[in-house]
2 protein chains.
Amino acid sequence: MIENIIEKKCIQKGLKMTDQRRVIARVLATSKDHPDAEELYNRTNKINSQISLATVYRTLKLFNENGILEKHEFRDGKSRYETIQKDHHDHLIDIETGKVIEFQNEEIEKLQERIASELGYDIIEHRLEIYAIKQK
Amino acid sequence: MIENIIEKKCIQKGLKMTDQRRVIARVLATSKDHPDAEELYNRTNKINSQISLATVYRTLKLFNENGILEKHEFRDGKSRYETIQKDHHDHLIDIETGKVIEFQNEEIEKLQERIASELGYDIIEHRLEIYAIKQK
DNA sequence: TTATATGCAAAACATTTGCACTTGA
DNA sequence: TCAAGTGCAAATGTTTTGCATATAA
């Protein structure tokens, strides 16, 4: 009985584990990029062709609502997903190749906290995306 | 002949000034919020009911491509527009009310430049959005 | 057993586009 | 005049949903 980190979280949350969810969880756990729904549909179907696109969408939504996945909307019109990591990071997107690079910067995090606090707010989440091109 | 700043920019860029574009430009120039296409359609139609939603979309795209408008995609599924200001700013979105607060922070800008540079990139644009709730 | 999940196809939603007609310069 | 802009309706692309059937617990 091979379990992955996502499946463990599902069980913790009391989510019913169907074959479809197990496969989607496995694909997500082993994806090191930021796939969209269609791409996940393609990847899961190589393992089990009984998974519909609708189920992929429903499962992504469920996992996102349960704090298992992060949903990103970079500027290409489709949502991309990533398993939630221990350490928060932001993204730099190469607008020529679409490549996504992750980075961390504690100082920026703190500055955001300070800005929100000065405006009388508590941060729920934030989004920092840098769209850039390779230096020539 | 009453002109606004947007209309001036259009003329500078050599864009043909139709009645529709003039009305849309006027509405944008006097909007202090971040309206979406449908909302702009409603506002322009109070002035001239001969403007179609398709033309609003086409004009927003045109203005955006010509550096007249900024297009934002906050997390509500529709694009919002704002005239480009002299000084760059980012946004804090009150997720309970939808209110958008603008803020500036030079330090964050510089940190981003440094991060991109260290990764070998030049920034084309960036997006920093803080989603927050009022402190209790 | 039974509430919940699924597949399928249709619907929803914001946005774009083809085409015939109109208009600004 | 005539290239460019417009209105309308149809098309698009992503995501959601209604409903009948299937399944985990």
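Letters A, B, ... mirror the listed sequences (proteins, then strands); counts begin at 1.
Contact check, B:Tyr57 against C:dT15: a side-chain N or O comes under 4.0 Å of OP1 or OP2. Close to D:dG5, at under 4.0 Å from its OP1 or OP2, lies a side-chain N or O of B:Arg21. Dashed line: the shortest gap from a side-chain N or O of A:Ser79 to OP1 or OP2 of D:dT15 is under 4.0 Å. Of the side-chain N and O atoms in A:Lys16, none sit less than 4.0 angstrom from OP1 or OP2 of C:dA5. Residue A:Thr18 places at least one side-chain N or O closer than 4.0 Å to OP1 or OP2 of C:dT6.
Ion pairing between a basic and an acidic side chain is recognised when a charged N comes within 4.0 Å of a carboxylate O; A:Asp36 and A:Arg43 show no such pairing.
Closest to the side chain of B:Ala54, out of D:dA25, D:dT15, D:dA9, is D:dA9. Of the listed nucleotides (C:dT6, C:dT17, C:dT15), C:dT6 has the atom at the smallest distance from the side chain of A:Thr59. With D:dG7, C:dG24, C:dC8 as the candidates, the nucleotide lying closest to the side chain of A:Ser52 is C:dC8. When the nucleotides D:dT15, D:dT17, D:dC8 are ranked by their closest atom to the side chain of B:Arg58, D:dC8 comes out on top.
Atom CZ of A:Phe103 is separated from atom CD1 of A:Ile108 by 5.5 Å, given to the nearest 0.5 angstrom.
Checking B:Ala37 against B:Met17, the closest nucleotide of DNA chain C that is more toward the 5' end is the one next to B:Ala37.
No N or O donor and acceptor, one from the side chain of B:Arg22 and one from the base of C:dG24, sit under 3.5 Å apart.
In this structure, B:Asp19 places its CG atom 10 Å from P of D:dG7, rounding to the nearest Å. Atom pair A:Leu53:CG and C:dT6:P shows a separation of 13 Å (rounding to whole Å applied).
Two rings, from A:His126 and B:His91, have their centers 6.0 Å or more apart.
Side chains of B:His89 and B:Glu82: a donor-acceptor N/O pair is present below 3.5 angstrom, by distance only.
B:Arg75 forms a cation-pi arrangement with B:Tyr131, by the criterion of a distance under 6.0 Å to the ring centre and an angle within 45° of the ring axis.
Residue contacts shown for B:Gln20 are limited to sugar-phosphate atoms, with no base heavy atom under 4.0 Å away.
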